[in-house]
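Please read the structure below before turning to the comments.
Keep in mind that what you see is a predicted model, and the values were worked out from it rather than measured. Throughout, numbering of the chain's residues begins at 1 and tracks the sequence.
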Amino acid sequence: MHVNCIAPGSFPGRGDIGEERVRQTTQPRRADRAVRRPGRLREVGLLALYLASAASDYMTGQTLLLDGGMSL
């Protein structure tokens, strides 16, 4: 059995607010991230896809932080 967890940081949803508003609200927080950009929801999906694939068969009991380096 495999038990892993994705711990996402803050991910703005484009459906909730317009693209320009996303830029305005995330601009001040970019300095807090090592990556210097907001996360994309697609990146969470890609990580989930990895965890569901055979590529992660040897991984279990892990919490994967997906926060652009904010927790460094």
Side-chain angles (χ1 to χ4, degrees):
M1 177 184 345
H2 303 282
V3 179
N4 296 297
C5 174
I6 298 172
S10 177
F11 285 82
R14 299 233 188 271
D16 297 332
I17 56 178
E19 191 169 327
E20 181 59 33
R21 183 73 175 134
V22 168
R23 276 193 218 103
Q24 291 172 353
T25 58
T26 59
Q27 187 69 29
R29 292 181 285 176
R30 286 185 185 179
D32 295 341
R33 293 182 180 88
V35 177
R36 302 266 192 256
R37 66 168 177 81
R40 298 179 186 110
L41 292 177
R42 183 175 192 277
E43 293 167 319
V44 178
L46 290 172
L47 182 54
L49 184 63
Y50 166 74
L51 290 175
S53 75
S56 69
D57 278 352
Y58 199 62
M59 178 188 296
T60 190
Q62 299 302 307
T63 299
L64 302 172
L65 299 175
L66 189 61
D67 64 0
M70 288 183 70
S71 59
L72 293 175

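The two residues H2 and M59 come nearest to each other via the heavy atoms ND1-O, 3.3 Å. Minimum interatomic distance between N4 and G61 (heavy atoms only, all atoms of both residues): OD1-N, 3.3 Å. When all heavy atoms are compared, the tightest approach of T63 to A7 is CG2-CB, 3.8 Å. Smallest separation of non-hydrogen atoms from P8 and V44: CB-CG2, 4.4 Å.
With sequence neighbours excluded, the residues satisfying side-chain contact (heavy atoms from CB on, under 4.5 Å) with L47 are I6, Y50, L64, L66.
The CG atom of L49 lies 9.5 Å from the OG atom of S56; values are rounded to the nearest 0.5 Å.
Taking Ile, Leu, Val, Met, Phe, Trp and Tyr as hydrophobic and joining them when side-chain heavy atoms fall under 4.5 Å apart, one finds M1 in a cluster with V3.
Under the 4.5 Å side-chain heavy-atom criterion for ILVMFWY residues, a single connected hydrophobic cluster contains both L51 and L41.
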